[in-house]
Amino acid sequence: MKTQEELWQAAPLCVRCWFALNYLNLTPSKRVTVRALFTCHISGYLFCLLGLISQPALAGGIIMLGVGYFFNFCLWLGNKYSIWSDVEHT
C-alpha cells in the first residue's frame with residue numbers, strides 16, 4: 001500500500017506542476033475539485049439562462065462552463081495518477 005506522498009512523487013513532473021500551480025497547494029483534494037466542478041457547471045447554466053435577457057451574462061456562462069470542464073479534466077487527471085490527499089489508496 002503506497003502512501004499519498006509516494007503516489008505524489010511517482011506522478012510525472014508536469015502533473016505535479018499542474019496541480020501545484022492550479023491549486024496553490026501540494027496536497028490536492030478530490031472533494032474540493034468535485035465541489036468546484038459542480039459550482040462552475042451550475043453557475044454556468046444559470047448564467048446561460050440569464051443570457052436570454054442579457055448578452056454579457058451568456059458570455060460569462062460559457063466561460064464558467066469552460067472552467068467547469070477544466071475542473072473535470074483535473075478530476076480525471078487526479079484519478080488517473082491517484083494523487084488525491086483525501087482519498088484512501090490501495
Are the ring centres of F70 and W18 closer than 6.0 Å? yes

Nearest-0.5 Å distance, [atom1] of residue [X] to [atom2] of residue [Y]:
X: C14; Y: L77; atom1: SG; atom2: CG; result: 8.0 Å
X: E6; Y: S82; atom1: CD; atom2: OG; result: 13.0 Å
X: S85; Y: R31; atom1: OG; atom2: CZ; result: 9.0 Å

[X] versus [Y]: any side-chain heavy-atom pair under 4.5 Å?
X: T39; Y: M64; answer: no
X: H41; Y: Y69; answer: yes
X: F71; Y: V67; answer: yes
X: P28; Y: T33; answer: no
X: W84; Y: S29; answer: no
X: V15; Y: F19; answer: yes

For S54 and G51, indicate whether the former's side chain and the latter's backbone hold a donor-acceptor pair under 3.5 Å. no

Are [X] and [Y] in one and the same hydrophobic cluster, where Ile, Leu, Val, Met, Phe, Trp and Tyr link if side-chain heavy atoms are under 4.5 Å apart?
X: V34; Y: W76; answer: yes
X: V32; Y: F73; answer: no
X: F47; Y: L65; answer: no
X: L58; Y: I42; answer: no

Non-hydrogen atoms of I62 and C48 that approach each other most closely: N-SG, 4.0 Å

Partners of N72 by side-chain hydrogen bond (donor to acceptor under 3.5 Å, both in side chains), sequence neighbours excluded? none

